[in-house]
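Structure record follows, encoded as structure tokens.
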Amino acid sequence: MTTVDNGVNVQALLDAREVLKGAPEAAQFTWRASSKWQNGVHSTATVEKFFGLGAEQTHKTASTFSADHPAVFAAEDNGITPIEYLLVGLASCLTAGVASVAQNRGIQLRSIESTVEGNHDIRGILGADSDVRNGYNDIKVTFNIDADASKEEIEALVAQSQKRSAVYDALSNPTDITVEVA
Amino acid sequence: MLERGEVANSWRRERWDSLRLLTPNWLSRLPGLDYDGPDPDGFMTTGEVVEFIERFARVAAAPVRAGVEVTAVRPADDGYHVATDRGDLHCRALVLASGACNLATVPALAAGVPPEVHQLTPLGYRGPGQLPDGGVLVVGASATGVQLAAELRRSGRPVTLSVGEHVRLPRVYRGRDVHWWMHESGVWDQRWDEIDDLDRARRLPSPQLVGTPERGTLDLNALTALGIELVGRFAAVRDGTALFSGGLRNVCALADLKMNRLLATFDEWALGADVGPSEEFAPTAVARATRLKLDLRGGEFSTVIWATGFRPDYRWLDVPVVDPKGRLRHDGGVVDAPGLYALGLPMLRRRRSSFINGIEDDARAVIDHLARKL
């Protein structure tokens, strides 16, 4: 048995992969967040329940997130801006991927740190220039990883993590979105 | 042996004009027929492949019934009933050797491409002259996609290549053809029953290779040098605009890492072998900002070519041995139905199975099994 322990239960993931190969309906998850306007551009979102493995599921605890705009946007800064949440999601998804792939490849990690920078031209959201998009122009992630592995092995971990990342895919590929008024 | 057209039919009718084999001549061999021409390091044109296979048909004295198209195969008492356009047959055992590339795979999103843009697949492509004037979007960067992109660019057209996951290889490494390395180092001898992820090995895209007299490499850096624009994987069409993934940099990084790992295994194997000095290849260069959308209505592109893979056609096979993804269920060529066998599929029994020189060992093993059953 390997003594490598990054705290990821890879065996459970591999077992799930085998089971779900033959049961695609159980693999259909729905993630949910509910949001409530507070005041100004400040809102709070709560995440607690989701659907998966054919049943309603509940997180151990509900999590609440505040979103607002900073003072330079003439707002009260009660929380991070919505577009910053995308950076949080990307960083945590890629980090989870690095840890999982490392565990699967028998690579012991000591630390994974990353910085994520999204370049954003706000003339888009302000309607100041119709040629400028609303979202990020580009995103850069920089990893610093300390592990019992060569530079090439670490690069391969990071590449594989991107290949299997839900958030990386959601940000780098278009997603069909429906917004309705109930 | 039933052949729907003439001997070497698909090489006569389903290949573009400039295509050459990816395997050098000295390695393009069939049982009892080695290459004996003047250019062992060259690559056969499709015409030369046709001649080679015709010659093999004579050497092997194979009982070919040409011009017989099989329209249905179904289980019958102690064997199979084979319906053809020239009457019906009954057989006790049947070998499916109808190929892996009968149909071009086109993604569903092709339906969203505006009607004014001409679309075609590699099976309908012959050469640049058949295309309307204007830019070409080639989708897919495996062997077919890179070859068509390069040919179209050299004909003077603006070409954009949409690149997803791909396999990068140099044509020549340390003075030897990359297929020499695959052949000699044992990579091509890896067996289907010893490989970690067989499903993935069977789905592996063909490497970015071309067979030319110059023995040149045709990786993405070579295409960029020709003036071809690279964009990410084709993701969607919205209101006439093609959308591409922003993940191009990572698929290139994955391909570079995999190529370097393969070359490192070659180096390890080659210690003391008669090969050239160590060689390194520049990482795949990706523009700082690749275009994420292209307006298909604006006139920049007259044509989209779907070089997005091929698949076998088993619509005539009325035996429940095809999985929901259209792949034949078989174990090293022994199909999941008594007396039914397959040959000539990728990674059928070895990595070598995709190549002409792979058929000899595969056929021996499969026919041994078949003969024992009979």
Side-chain angles (χ1 to χ4, degrees), chain A residues 14 17-18 20-25 86 90 93-94 97-98 101 104-107 116-121 124 131-143 149-178, chain B residues 107-109 112 162-166 168 196-200 231-239 241-265 267-268 280-281 283-284 286-295 323-325 327 329:
Chain A
L14 295 174
R17 175 164 77 180
E18 281 315 302
L20 294 179
K21 265 184 192 170
E25 60 292 342
L86 297 180
L90 181 61
C93 196
L94 291 176
V98 170
V101 177
N104 194 36
R105 293 184 179 178
I107 294 173
V116 191
E117 290 178 299
N119 290 312
H120 188 200
D121 184 341
D131 292 333
V132 174
R133 71 180 285 186
N134 297 325
Y136 288 122
N137 283 321
D138 51 66
I139 296 175
K140 185 174 186 203
V141 185
T142 309
F143 271 101
S150 67
K151 185 167 182 289
E152 288 71 26
E153 286 169 327
I154 289 173
E155 284 172 357
L157 290 181
V158 173
Q160 185 67 18
S161 161
Q162 291 168 77
K163 178 175 162 174
R164 285 278 168 257
S165 165
V167 179
Y168 180 93
D169 175 75
L171 283 174
S172 60
N173 289 303
T175 304
D176 193 37
I177 301 179
T178 307
Chain B
L109 54 83
S162 166
V163 180
E165 279 192 61
H166 58 273
R168 180 186 181 194
D196 279 348
D197 192 339
L198 180 60
D199 186 49
R200 185 204 245 158
V231 295
R233 188 172 193 272
F234 201 148
V237 184
R238 271 190 203 152
D239 302 329
T241 297
L243 304 180
F244 300 93
S245 170
L248 177 61
R249 204 164 275 107
N250 191 50
V251 292
C252 293
L254 283 163
D256 288 355
L257 284 160
K258 283 177 191 159
M259 176 185 75
N260 288 330
R261 274 205 295 273
L262 179 68
L263 299 180
T265 64
D267 291 339
E268 205 174 312
E280 275 189 44
F281 299 95
T284 302
V286 178
R288 214 188 65 76
T290 62
R291 287 201 284 175
L292 301 175
K293 28 180 179 176
L294 299 175
D295 181 2
D323 74 15
K325 295 202 166 179
R327 293 177 298 219
R329 283 201 314 273

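Just so it is clear: chains get the letters A, B, ... in the order the sequence lines come, proteins before strands, and each one is counted from 1. Quick caveat: nothing in here was measured; it's all calculated off a predicted structure.
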Whether over 12 other heavy atoms sit under 6.0 Å from A/Lys163 NZ:
yes
For B/Arg288 against A/Asp138, the heavy-atom pair lying closest together:
NH1-OD2, 4.3 Å
List, one per line, each side-chain donor-acceptor pair under 3.5 Å for residues 170-177 of chain A, sequence neighbours excluded.
| from | atom 1 | to | atom 2 | distance (Å) |
| --- | --- | --- | --- | --- |
| A/Ser172 | OG | A/Tyr168 | O | 2.7 |
| A/Asn173 | OD1 | B/Ser245 | OG | 3.2 |
| A/Asn173 | ND2 | A/Asp169 | OD1 | 2.7 |

Is A/Asn119 atom CG crowded by more than 12 heavy atoms from other residues, nucleotides or ligands, each under 6.0 Å away?
yes
Looking at residues at least two apart in the chain, or sitting in another chain, which of them share a salt bridge (Lys or Arg N to Asp or Glu O under 4.0 Å) with B/Glu268?
none
Need one label for B/Arg238: side chain, backbone, both or neither, based on atoms under 4.5 Å from any heavy atom in chain A.
side chain
Under 4.5 Å between any side-chain heavy atoms of B/Asp256 and A/Glu155, yes or no?
no
Where is the tightest heavy-atom contact between B/Leu257 and A/Glu152, given as atom of each residue plus distance?
CD2-O, 3.9 Å
